[in-house]
Amino acid sequence: MVSTVTTDEGDDRVPPTIEWHGGRVRMIDQRRLPGELVMLEAATVEELCDAIRDLAIRGAPALGVAGAMGMALAAETGLDLDAAAAAICATRPTAVNLAWGVARVRQAADPVAEAEAIAREDVARNRRLGAHGAGLLPQDGRVLTHCNAGGLACAGYGTALGVIRAAHEQGRAPTVWVDETRPVLQGSRLTAWELDRLGIPATLVADGMAAGLMGAGEVDCVVVGADRIAANGDVANKVGTYGLAVLAAYHHLPFYVAAPTSTVDLACPSGAAIPIEQRPAEEVTTLAGHRIAPEGMAVDNRAFDVTPAALVTAVVTEEGVARPPYAESLAGLVGRASGRRPAAGP
Ligand code: MRU
């Protein structure tokens, strides 16, 4: 894999999270943020799978684009497409967008053009999603978010951060509590970096502080993204999300989930059927390369948890805002989205 350091000094523009670039998949190496803005290029499906597994590229919608571009790489390099699809989908099991992106390109006549279209559509979708969600935030709203659901987790703009960003653009003046999000620290490394660049006021807090903040009356709502939403509205998102939803319910605060319809898996009846990724123990036992737990300590590193639909106030998508009962509202929005897209070519 090729790495290149961008000329980022004094330049507030951020390159696309992921793009097709001269026959390779070019992406921001998210492992290096916030210290360095470094681009990574994958020339083979194997290299792309390594980048996905190692979280150089991550976040459900960005994984959808990565899956699509992986299939374009497979087609361009003459690989067996079924084997390539299976290898890509096996890298990370929870975010349904990965398999969604793979399937869309698998059926396309021109894999590269389809993958590029998926990336473009993702940004447009997130802007529409943001516009639908911004009105849910009160003026001067204090929003708590978890993990990273910003432009880095997508082809651009973001989902949960897209809602906050749209509210900011509309002059609603949101401020953000950013959970650090142990163990991989997507909050402190990525969300804090994005909000700083966007000029949106934000304060970083340890994950354990959410209850105290809500109890002190310093949070108006929670907005998070999603990796997979089941047909009944159960939501898989970064581990720790379920706890936030319970806390929000206890404190009578709205708990919003922002995700494109490609994250809704109508084939999955409930959260119990969502596969939860188990990640390497080292993510928990080490911090910035230093060991912080005794050698040989048993570790359970489930990367996601499932928030029951009953705790979700609304799901914000590019097609509108779904409210309970989710079995009906989500199916309606997914149907509207598939009606919008032209069928894949022969
Ligand atoms: O393990 P990650 O970093 O890929 O997980 C991403 C998340 O869980 C995000 O919270 C998210 O909402 C999905 S991406 C918008």
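When a ligand or atom number is given, it counts from 1 through the structure's own listing order. Keep in mind it's a predicted model, so treat the numbers as computed, not measured. One-based numbering along the sequence shown.
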Of all the atoms in ligand 1, which lie at a distance below 4.0 Å from a heavy atom belonging to [X]?
X	answer
Thr159	15 (C)
Gly225	12 (O)
Ala153	14 (S), 15 (C)
Pro61	14 (S), 15 (C)
Ala149	12 (O), 15 (C)
Gly59	4 (O), 14 (S)
Gln186	1 (O), 2 (P), 3 (O)

Nearest to [atom], what protein heavy atom do you find, and at what distance?
atom	result
atom 14 (S) of ligand 1	Ala60 N, 3.1 Å
atom 5 (O) of ligand 1	Lys238 CE, 3.4 Å
atom 11 (C) of ligand 1	Asn237 OD1, 3.2 Å
atom 4 (O) of ligand 1	Arg92 NH1, 2.8 Å
atom 3 (O) of ligand 1	Arg58 NE, 2.6 Å

Taking 4.0 angstrom as the limit, do [X] and [Y] come out as a salt bridge?
X	Y	answer
Arg182	Asp207	no
Asp82	Arg106	yes
Arg142	Glu218	no
Arg127	Glu318	no

Check: Testing Arg58, Arg189, Lys238 for side-chain hydrogen bond (donor to acceptor under 3.5 Å, both in side chains) with Asn148, which one passes?
Finding: Arg58

Check: Hey, does the side chain of Arg336 reach the backbone of Glu319 with a donor-acceptor pair shorter than 3.5 angstrom?
Finding: yes

Margin query: Does only the side chain of Ala226 get under 4.0 Å from ligand 1, or the backbone, or both, or neither? Count heavy atoms.
Written below: backbone

Notebook entry, point to check: Quick one: does ligand 1 sit under 4.0 Å from the side chain of Leu63, the backbone, both or neither, non-hydrogen atoms only?
Noted result: neither

[X] near ligand 1 by a heavy-atom separation under 4.0 Å:
X	result
Val224	no
Glu277	no
Ala303	no

Check: Which heavy-atom pair separates Gln278 from Asp300 by the least distance, and what is that distance?
Finding: NE2-OD1, 3.2 Å

Next item on the list: Determine the minimum heavy-atom distance between Ile88 and Leu98, stating which atoms define it.
Entry: O-CD2, 3.4 Å

Note to self: So for atom CD, which belongs to Glu116, do other residues, nucleotides or ligands contribute more than 12 heavy atoms lying within a distance under 6.0 Å?
What the structure shows: yes

Margin query: Met39 vs Ile28, test: side-chain contact (heavy atoms from CB on, under 4.5 Å). Steps then yes/no.
Written below: CA-CA 5 Å; Met39 305 308 292; Ile28 295 178; 3.9 Å; yes

Check: Taking the minimum heavy-atom distance to atom 13 (C) of ligand 1, which of Val235, Val223, Asp227, Ile57 ranks first?
Finding: Asp227

Check: If you round to the nearest 0.5 Å, how far is CG of Leu161 from CG of Leu198?
Finding: 7.5 Å

